[in-house]
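Worksheet for the structure shown next.
A, B, ... follow the sequence lines: proteins, then strands. Residue 1 opens every chain. Computed from a predicted structure; not experimentally measured. Just so you know, these numbers use all the heavy atoms, side chains as well, and skip hydrogens, waters and symmetry mates.
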There are 2 protein chains.
Amino acid sequence: MTTDNKKNKVENINTWISDLNSDAKAAVSVDCVIFGYDEKELNVLLIDCNMPPHLGKKSLIGDLVKSHETLDEAGLRILEQRTGLSDLYIEQVRAFSELGRHPLGRVISIAYYALIKIKNYEIKDSENKQLQWVPLSKISELAFDHNKILNDCYAQLKRRLRERPIGFSLLPKKFTLIQLQKLYEIILGLELDKRNFRRKLQSTGLLIDLNENQTDVSHRPAKLFSFDYEEYRKKKTFQSISFDI
Amino acid sequence: MTTDNKKNKVENINTWISDLNSDAKAAVSVDCVIFGYDEKELNVLLIDCNMPPHLGKKSLIGDLVKSHETLDEAGLRILEQRTGLSDLYIEQVRAFSELGRHPLGRVISIAYYALIKIKNYEIKDSENKQLQWVPLSKISELAFDHNKILNDCYAQLKRRLRERPIGFSLLPKKFTLIQLQKLYEIILGLELDKRNFRRKLQSTGLLIDLNENQTDVSHRPAKLFSFDYEEYRKKKTFQSISFDI
DNA sequence: TCAAAAGTGTTCAGCGTACACCCATGC
DNA sequence: GCATGGGTGTACGCTGAACACTTTTGA
């Protein structure tokens, strides 16, 4: 190591310390695309935007990240505050940082998506209707760059649905194969063949046949299954498991 | 809309304005995993870390994001400052935000990876040897959470190599199929069958046979090809193109 | 003529895909 | 008994994987 080298090091440390306390800091927010599934449609939880110039539009659910929390923790906190639900599946998608994206100044936003069974959930401040489930197909212009964020999160959801067992978190613990197929069809926007779909998902060996049937239906009752998370965790550590259909 | 509703809106705006100017701000950095390919190995550009308690370790190349630039712009600036190269391929991977990740306080870092042909590039401050190409296989403990960042970026590189024509940005404009195959083998860590590899990549219809040969090799000279970026841009808008092998 | 690396086709198994009829229940 | 949706097996084509010999050049 040369003297030059040492000098560089000291300069670098000092530079960083002063930078960290200057206006190099930015406001950082988390925006969540909260997908809600009701066995008919895929919905997104939106809120009325109250910030000019986006008044009258809807926006995703977001908040600034606090100094004591990670991004994942901020995402979970936002979800719990808005929906009362914890232990939801969330996943980071990517950061958005266009300079003009927020009217109040520089805000870098990290996008997450989350998955909710709508049945399990009652909107907290439903009295004033600021929060709404909106079917994905009916979402038009959102505030800020939230259409971009939504697109990226939806694309990631579709990719992940084929890779990981996330569909099961949108269904009751006991579900029929028809329910599962419909979920895949609605999220992916495809029609699937019943026999091929069943063969593929059952070939994972992770669907537990509960030997129970639906009741109170006016047709042949469907068999009920549950997903074997336990076995999935074991298997995935030493083999790759796909949920592609 | 009720009066309650209006009141909420005003409060929200005010909250945001004050939050944006408070300590809700965080230092935001970009860390780049700069992959350099020399037709023998995959290397990563590392720098000696000069920050306690990580003195003596190496770290990825990074810097704080400035208030007037997007994250992509910050990534490109860092690359240009360190390597003198512009117009490189970069891609965002994800944000890292663990509370203890940086010794000087809260720093949220957005990870990028970049691709460089090592031939094209001479390390700028090579006199003091702070910057070094290190073969991926020889990288051990890095500073901060940079091993995690490296792992995630390498995983993304491997995924993308199968999806997009990024391998060609690591080879000369005119390349042989053997060079291309070796690149895939080294990056993916696999051995590939020569005939199957050729068939698959040539079936994209995007390799231009230049009707030229290698010269000055002491064996049968290989044919030279180039990649048809023009055609790729056209095709990909209306069909999905894979570079899986 | 030898060494070194380039180039080239075919076979087979497994997977994805397409497809039509019978079954169990409530009314 | 009929309407409603649930459940099941097979045939075919395509794609991925395995595999060995000939060709061209420089030394």
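- Considering only heavy atoms from C-beta on, B/L46 stays 4.5 Å or farther from B/H146 through its side chain.
- Judged by a 6.0 Å distance limit and a 45° cone about the ring axis, B/R94 is positioned over the six-membered ring of B/F96.
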Hey, what are the protein-to-nucleotides 25-27 of chain D N/O distances that come in under 3.5 Å?
none

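- Within the structure, the salt bridge (Lys or Arg N to Asp or Glu O under 4.0 Å) test picks out the following pairs touching residues 203-223 of chain A (sequence neighbours left out): A/K174-A/E212, A/D209-A/K223.
- Taking the 5' to 3' direction, DNA chain C first and last meets chain B under 4.0 angstrom from a heavy atom at C/dA4 to C/dT10.
- The aromatic rings of B/Y229 and B/F168 sit perpendicular, their planes meeting at an angle over 60°, well past the 30° parallel limit.
- Judged by distance alone, with hydrogens and angles left aside, the side-chain atoms of A/Y154 form a donor-acceptor pair with the main-chain N or O of A/I187 at under 3.5 Å.
- Between A/E80 and A/R77 there is no salt bridge, since none of the side-chain N atoms of the basic residue sits less than 4.0 Å from a carboxylate O of the acidic one.
- Following rounding to the nearest Å, A/D209 (CG) and D/dT8 (C1') show an atom-to-atom distance of 14 Å.
- With a 4.5 Å cut-off on side-chain heavy atoms, B/I116 and B/L45 do not count as touching.
- Residues of residues 178-203 of chain A that place a heavy atom closer than 4.0 Å to DNA chain D, in numerical order, are A/I178, A/K194, A/R195, A/R198, A/R199.
- Salt bridge present: B/D48 and B/K58 bring a charged side-chain N and a carboxylate O closer than 4.0 Å.
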Report, one line per pair, each donor and acceptor closer than 3.5 Å where one atom sits in a side chain of residues 238-245 of chain B; sequence neighbours left out.
residue	atom	partner	partner atom	Å
B/S242	OG	B/D244	N	2.9
B/D244	OD1	B/R162	NH1	2.5

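- Among residues at least two apart or in separate chains, ring pair (Phe, Tyr, Trp, His ring centres under 6.0 Å) pairs with a member in residues 176-202 of chain B are B/Y184-B/F197.
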